Amino acid sequence: MLAERIHPWFSEHARDLPWRRPETTPWGVLVSEFMLQQTPVARVEPIWAEWMRRWPAPSALAAAPRADVLRAWGKLGYPRRAIRLHDAAAAIAREHGDAVPSDVDALEALPGVGSYTARAVAAFGFGLRAPVVDTNVRRVVARAVHGQGDAGPARTRADLADVDALLPPDDATAAVVSAGLMELGAVICTARAPRCTGCPVAADCAWVAAGRPAYDGPRKPVQGFAGTDRQVRGKLMDVLRSAPGPVGRSALDAVWPDAGQRDRCLHSLLVDGLAEQTDDGRFALPA
DNA sequence: GAAACGTGGAG
DNA sequence: TCTCCAAGTTT
């Protein structure tokens, strides 16, 4: 029911995102999915284009120095994703003949690839039928299917089953519906102010039928940022990315007044492989 | 399962 | 200004 509404709507209204163009390879889709994890489309677009130009295949990225990869990642956030994507590229080059696997289990075995990304690559990179469950899809299902105002905490198995039940049997059609479900959540069935006027599914939506009741379940805890290690790590990484080479302790000391927190964060960056200490005691992005 | 993990734009 | 949140994954 939903699928029959979503497919034609998406076919006509899909945003022209660069990674959706027909010439995009599964590798390009994988890179886009890594970048889009918790990061808005608008910020990903230019970075993705640059990566595709520089590293058109997994082996090309795998051959690049860590420092280049981290600098090219820029300020997308969560730079551990860049590390994992770099590592995933190496695994694909070495274990899969430089070809992104289409099998969900093989994809999920890659660093940084979880349940969502594996299925997204299978669906959008290979046109396969795979239940793609992200925050958009969970919200659309919560409303249109369950009549709830919003999605509650993730119920991984049940969420997968819900979406699986919506997908048509045919691979190509299911892949379009999967993209359409995400698109619907991204541009129509949004978190803040859903635009039910103009929603292709409104006539079949359980939430609309119920009078759009407010969400009553548990709220997702909003994570603070100011003053956290995350902020300090970000500032340290910004210094390391911006510098052409190793920087002295003083340059890092300048980013945060609390020496204890600063040192803890610097240490965690070293542990995460996001930074290295040189022989002379300075710090830099890893080679 | 909770908590950690960046960044910046929108309302 | 300040809160919320944007195609999640890992530990």
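Quick caveat, the model's predicted, so the values are computed rather than measured. Labels below follow one simple rule: chain letters A, B, ... track the order of the sequence lines, proteins then strands, and each chain is numbered from 1.
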[atom1] atom, [N] versus [M]: distance in rounded Å?
N	M	atom1	value
dC4(C)	dG6(B)	C1'	15 Å
dT9(C)	dG1(B)	C1'	14 Å
dA6(C)	dC5(B)	C1'	15 Å

How many Å lie between [atom1] on [X] and [atom2] on [N], as a whole number?
X	N	atom1	atom2	result
W48(A)	dA7(C)	CH2	C1'	14 Å
R81(A)	dA7(C)	CZ	P	13 Å
R84(A)	dG8(C)	CZ	P	14 Å
I47(A)	dA6(C)	CD1	C1'	16 Å

Open item on the list: Can you tell me how the ring of W9(A) sits relative to the ring of H13(A), calling it parallel under 30°, perpendicular over 60° and tilted otherwise?
Closed with: tilted
Using a 4.0 Å heavy-atom cut-off across all strands, classify [X] as base, sugar-phosphate, or nothing.
X	value
R43(A)	base
V113(A)	sugar-phosphate
T228(A)	nothing
D272(A)	nothing
F34(A)	nothing
G77(A)	base
P79(A)	sugar-phosphate
W19(A)	base
T135(A)	sugar-phosphate

Open item on the list: Do F283(A) and E276(A) make a side-chain contact, defined as non-hydrogen atoms from C-beta onward lying under 4.5 Å apart?
Closed with: no
Open item on the list: In the structure I gave you, are the side-chain heavy atoms of R157(A) and D162(A) within less than 4.5 Å of one another anywhere?
Closed with: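 Answer no - side chains too far apart.
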Task: Interface limits on DNA chain B, where chain A has a heavy atom under 4.0 Å of a nucleotide atom - done: dC5(B) to dG11(B)
Task: Qualifying residue for side chain to side chain contact (heavy atoms under 4.5 Å, CB included) with C265(A), from L252(A), D258(A), T228(A), V232(A) - done: V232(A)
Task: Among V163(A), D159(A), V104(A), the one residue meeting side chain to side chain contact (heavy atoms under 4.5 Å, CB included) with P131(A) - done: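 Answer to the side chain to side chain contact (heavy atoms under 4.5 Å, CB included) test with P131(A) among V163(A), D159(A), V104(A): V163(A).
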Task: R212(A) CZ: over 12 foreign heavy atoms closer than 6.0 Å - done: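 More than 12 heavy atoms, drawn from other residues, nucleotides or ligands, come within 6.0 Å of this atom.
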Open item on the list: Under 6.0 Å between ring centres: does that hold for W73(A) and W51(A)?
Closed with: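 Aromatic pair counts; centres sit under 6.0 Å.
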- [ ] Hey, which sits more toward the 5' end of DNA chain C by its nearest nucleotide, D134(A) or P111(A)?
- [x] D134(A)
Task: Nearest-neighbour nucleotide for the R15(A) side chain, dA6(C), dA7(C), dT10(C) considered - done: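 Output: dA7(C).
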Open item on the list: Is Q38(A) close enough to dA6(C) that one of its side-chain N or O atoms is under 4.0 Å from OP1 or OP2 there?
Closed with: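 Indeed not, no polar side-chain atom of Q38(A) lies that close.
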- [ ] Please check the phosphate of dT9(C) (OP1 and OP2 only) for any side-chain N or O of T117(A) closer than 4.0 Å.
- [x]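 The answer is yes; a side-chain N or O of T117(A) sits under 4.0 Å from OP1 or OP2.
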Any protein N or O atoms within reach of nucleotides 2-5 of chain C? Criterion: under 3.5 Å, listing atom names and distances.
from: dC4(C); atom 1: O2; to: R192(A); atom 2: NH2; distance (Å): 2.6

TODO: Ignoring hydrogens and angles, state whether a donor on the side chain of T39(A) or R81(A) is under 3.5 Å from an acceptor on the partner side chain.
DONE: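 Yes.
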- [ ] Would you check if there is a donor-acceptor pair between the side chains of Y116(A) and E33(A) at a distance under 3.5 Å?
- [x]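 Present: a donor and an acceptor within the cut-off.
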Open item on the list: Under a 3.5 Å distance rule, please check whether T190(A) uses its side chain to pair with a backbone N or O of A186(A) as donor and acceptor.
Closed with: no
TODO: Would you kindly compare A154(A) and L274(A) by the position of their nearest DNA chain B nucleotide and give the one closer to the 5′ end?
DONE: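 First, find each residue's nearest nucleotide; the 5'-ward one identifies A154(A).
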